[in-house]
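Heads up, the thing below is written out as structure tokens.
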Amino acid sequence: MRLGYRWAKAIWLICWAGAMTIVIFLPVVLAATFSRTGNLAFNLSQVWAWVLIRITGTKLEIRGRDRIEPDRSYVIISNHQSHFDA
């Protein structure tokens with residue numbers, strides 16, 4: 001019974017990921033093509049990621065956010081800990 005649930009959940013998540021990708025694809029491409037800064041395309045990509053994170057029930061842990069200074073530039077590297085991240 002547990003295996004059937006896992007397959008159903010995987011299919012459900014794949015359908016959501018596919019639907020969200022199809023819905024957001026054209027706006028992101030248009031925004032990236034016509035935007036000078038690329039910020040709109042980035043923000044649309046964030047919406048896509050946020051929806052998928054919410055649907056999958058993934059819990060995010062952000063460490064060190066309080067140490068970020070707004071007037072400095074940073075290179076941020078994620079530590080991927082699951083197959084979902086890849």
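Residues: numbered from 1 along the sequence shown.
Here the side chains of N39 and S35 are not in contact, with every heavy-atom distance at 4.5 Å or above. Between I55 and W12 the shortest side-chain heavy-atom distance falls below 4.5 Å.
In plain terms, the two heavy atoms of A31 and A41 that are nearest each other are CB-N, 3.7 Å. Summarising the geometry of T21 relative to W48, their closest heavy-atom pair is OG1-NE1, 3.2 Å, with the distance given to 0.1 Å. Here the closest non-hydrogen pair linking T56 and L13 is CG2-CD2, 3.5 Å.
Distance check: L44 CG to Q46 CD gives 9.5 Å after rounding to the nearest 0.5 Å. The distance from atom CE of M20 to atom CH2 of W50, rounded to the nearest 0.5 Å, is 9.5 Å. The CD1 atom of I53 lies 6.5 Å from the OG1 atom of T58; values are rounded to the nearest 0.5 Å. Within the model, atoms CD1 of I62 and CZ of R65 stand 4.0 Å from one another, a figure rounded to the nearest 0.5 Å.
The hydrophobic cluster containing L26 also contains F34, counting ILVMFWY residues as joined when their side-chain heavy atoms lie under 4.5 angstrom apart, directly or transitively.
Taking 4.0 Å as the cut-off between side-chain N and carboxylate O, E61 and K59 do not count as a salt-bridged pair.
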